[in-house]
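Heavy-atom basis, side chains included; hydrogens, waters and symmetry copies ignored.
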Amino acid sequence: VVEILNGDKKAASNKVVINSEPKKEWRYSGGGYMIVQMVLMDVLKKDFENIAQQYVFKPLGMNSSTFQQPLPIDFQKRFSNGYSAAAWYT
(Lines give C-alpha, C1' and ligand atoms only; values in the text may rest on other atoms or scores of the structure.)
Protein backbone atom coordinates (compact mmCIF):
# COMPACT_ATOMS: atom_id res chain seq x y z
CA VAL A 1 0.00 0.00 0.00
CA VAL A 2 2.72 2.47 0.95
CA GLU A 3 4.56 1.72 -2.31
CA ILE A 4 1.45 2.55 -4.34
CA LEU A 5 0.84 5.84 -2.53
CA ASN A 6 4.52 6.76 -2.87
CA GLY A 7 4.40 6.38 -6.66
CA ASP A 8 6.35 3.12 -6.93
CA LYS A 9 6.94 1.98 -10.54
CA LYS A 10 4.44 -0.88 -10.25
CA ALA A 11 1.74 1.63 -9.24
CA ALA A 12 1.92 3.31 -12.66
CA SER A 13 0.90 6.58 -11.02
CA ASN A 14 2.47 9.59 -9.40
CA LYS A 15 3.04 9.93 -5.66
CA VAL A 16 -0.11 10.90 -3.75
CA VAL A 17 0.49 14.30 -2.15
CA ILE A 18 -1.50 17.25 -0.85
CA ASN A 19 -0.49 20.05 -3.17
CA SER A 20 -3.18 22.68 -2.66
CA GLU A 21 -5.15 24.12 0.22
CA PRO A 22 -8.32 22.08 0.90
CA LYS A 23 -11.59 23.79 -0.17
CA LYS A 24 -9.71 26.59 -1.94
CA GLU A 25 -10.19 25.27 -5.48
CA TRP A 26 -11.77 22.31 -7.25
CA ARG A 27 -9.40 19.78 -8.72
CA TYR A 28 -9.78 16.11 -9.67
CA SER A 29 -7.94 13.89 -7.21
CA GLY A 30 -6.89 10.54 -8.62
CA GLY A 31 -4.88 9.98 -5.45
CA GLY A 32 -7.96 10.66 -3.35
CA TYR A 33 -9.91 8.01 -5.26
CA MET A 34 -7.00 5.61 -4.80
CA ILE A 35 -7.18 6.10 -1.02
CA VAL A 36 -10.98 5.59 -1.02
CA GLN A 37 -10.51 2.39 -3.04
CA MET A 38 -7.96 1.08 -0.53
CA VAL A 39 -10.22 1.92 2.43
CA LEU A 40 -13.13 0.05 0.81
CA MET A 41 -10.92 -2.97 0.19
CA ASP A 42 -9.67 -2.96 3.80
CA VAL A 43 -13.13 -2.54 5.35
CA LEU A 44 -15.01 -4.98 3.10
CA LYS A 45 -12.13 -7.50 2.85
CA LYS A 46 -12.67 -7.82 -0.93
CA ASP A 47 -10.73 -6.80 -4.01
CA PHE A 48 -11.96 -3.70 -5.80
CA GLU A 49 -13.30 -5.62 -8.80
CA ASN A 50 -15.70 -7.59 -6.56
CA ILE A 51 -16.77 -4.43 -4.70
CA ALA A 52 -17.51 -2.65 -7.98
CA GLN A 53 -19.44 -5.64 -9.34
CA GLN A 54 -21.54 -6.07 -6.18
CA TYR A 55 -22.35 -2.43 -5.40
CA VAL A 56 -22.21 -0.65 -8.76
CA PHE A 57 -22.13 -2.71 -11.95
CA LYS A 58 -24.68 -5.45 -11.15
CA PRO A 59 -27.29 -3.14 -9.52
CA LEU A 60 -27.09 -0.82 -12.54
CA GLY A 61 -27.16 -3.66 -15.10
CA MET A 62 -23.67 -2.79 -16.36
CA ASN A 63 -22.81 -6.22 -17.76
CA SER A 64 -19.89 -5.00 -19.88
CA SER A 65 -17.98 -3.19 -17.12
CA THR A 66 -15.02 -4.38 -15.08
CA PHE A 67 -12.01 -3.27 -13.06
CA GLN A 68 -10.36 -6.66 -13.55
CA GLN A 69 -6.66 -6.54 -14.48
CA PRO A 70 -5.43 -7.86 -16.76
CA LEU A 71 -8.53 -7.41 -18.89
CA PRO A 72 -10.37 -10.74 -19.29
CA ILE A 73 -10.21 -12.30 -22.77
CA ASP A 74 -13.97 -11.94 -23.33
CA PHE A 75 -13.63 -8.15 -22.82
CA GLN A 76 -10.58 -7.66 -25.06
CA LYS A 77 -12.50 -7.51 -28.35
CA ARG A 78 -15.00 -4.93 -27.10
CA PHE A 79 -13.22 -2.58 -24.73
CA SER A 80 -12.67 1.14 -25.18
CA ASN A 81 -9.47 2.79 -24.08
CA GLY A 82 -9.18 6.15 -22.40
CA TYR A 83 -7.06 8.92 -23.83
CA SER A 84 -4.62 11.32 -22.25
CA ALA A 85 -1.95 13.57 -23.71
CA ALA A 86 0.20 12.76 -20.67
CA ALA A 87 3.33 10.88 -21.76
CA TRP A 88 3.18 8.37 -18.86
CA TYR A 89 -0.31 7.22 -19.92
CA THR A 90 0.60 5.87 -23.36
Side-chain angles (χ1 to χ4, degrees):
V1 173
V2 173
E3 294 85 10
I4 293 170
L5 297 177
N6 281 329
D8 187 88
K9 283 188 176 190
K10 54 188 167 180
S13 63
N14 296 328
K15 184 177 183 177
V16 176
V17 297
I18 298 172
N19 57 8
S20 67
E21 185 179 332
K23 297 187 180 184
K24 188 170 186 173
E25 63 182 330
W26 184 91
R27 192 175 343 164
Y28 173 80
S29 174
Y33 284 105
M34 188 181 301
I35 291 169
V36 170
Q37 177 180 336
M38 295 173 137
V39 168
L40 287 169
M41 291 167 53
D42 284 350
V43 169
L44 298 174
K45 306 285 189 235
K46 297 180 180 181
D47 62 49
F48 194 68
E49 164 62 12
N50 287 328
I51 294 168
Q53 286 295 334
Q54 181 178 351
Y55 295 101
V56 180
F57 301 149
K58 284 185 181 178
L60 294 174
M62 299 171 67
N63 301 321
S64 294
S65 299
T66 187
F67 277 104
Q68 204 170 354
Q69 292 294 327
L71 193 63
I73 292 172
D74 61 319
F75 278 79
Q76 290 180 7
K77 291 184 180 179
R78 54 191 172 102
F79 85 101
S80 63
N81 194 14
Y83 172 79
S84 175
W88 60 268
Y89 190 75
T90 58

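Met34 CE to Phe48 CZ: the interatomic distance, rounded to the nearest 0.5 Å, is 11.5 Å. Here Thr66 contributes atom OG1 and Phe75 contributes atom CZ; the two are 5.0 Å apart, rounded to the nearest 0.5 Å. Distance check, rounded to the nearest 0.5 Å: CG of Asn50 to CE of Met41 gives 10.0 Å. Summarising the geometry, atom CD1 belonging to Ile51 is positioned 10.5 Å from atom CZ belonging to Phe67; distances are rounded to the nearest 0.5 Å. In this structure, Lys58 NZ and Ser65 OG are separated by 12.5 Å, a value rounded to the nearest 0.5 Å.
Pairs passing the side-chain hydrogen bond (donor to acceptor under 3.5 Å, both in side chains) check and including a residue from residues 67-79, sequence neighbours excluded, read Ser64-Arg78.
The neighbour count for Ile73 CD1, taken as heavy atoms of other residues, nucleotides or ligands under 6.0 Å away, does not exceed 12.
Under the 4.5 Å side-chain heavy-atom criterion for grouping Ile, Leu, Val, Met, Phe, Trp and Tyr, Phe57 is connected to Val36 within one hydrophobic cluster. Side-chain heavy atoms closer than 4.5 Å link hydrophobic residues (I, L, V, M, F, W, Y) into clusters, and following such links, even through other members, never connects Met62 to Phe79.
Considering only residues two or more places apart in sequence or on other chains, Glu21 meets the salt bridge (charged side-chain N to carboxylate O under 4.0 Å, His left out) condition with none of them.
The side-chain heavy atoms of Leu44 and Tyr55, taken from C-beta on, include a pair separated by under 4.5 Å.
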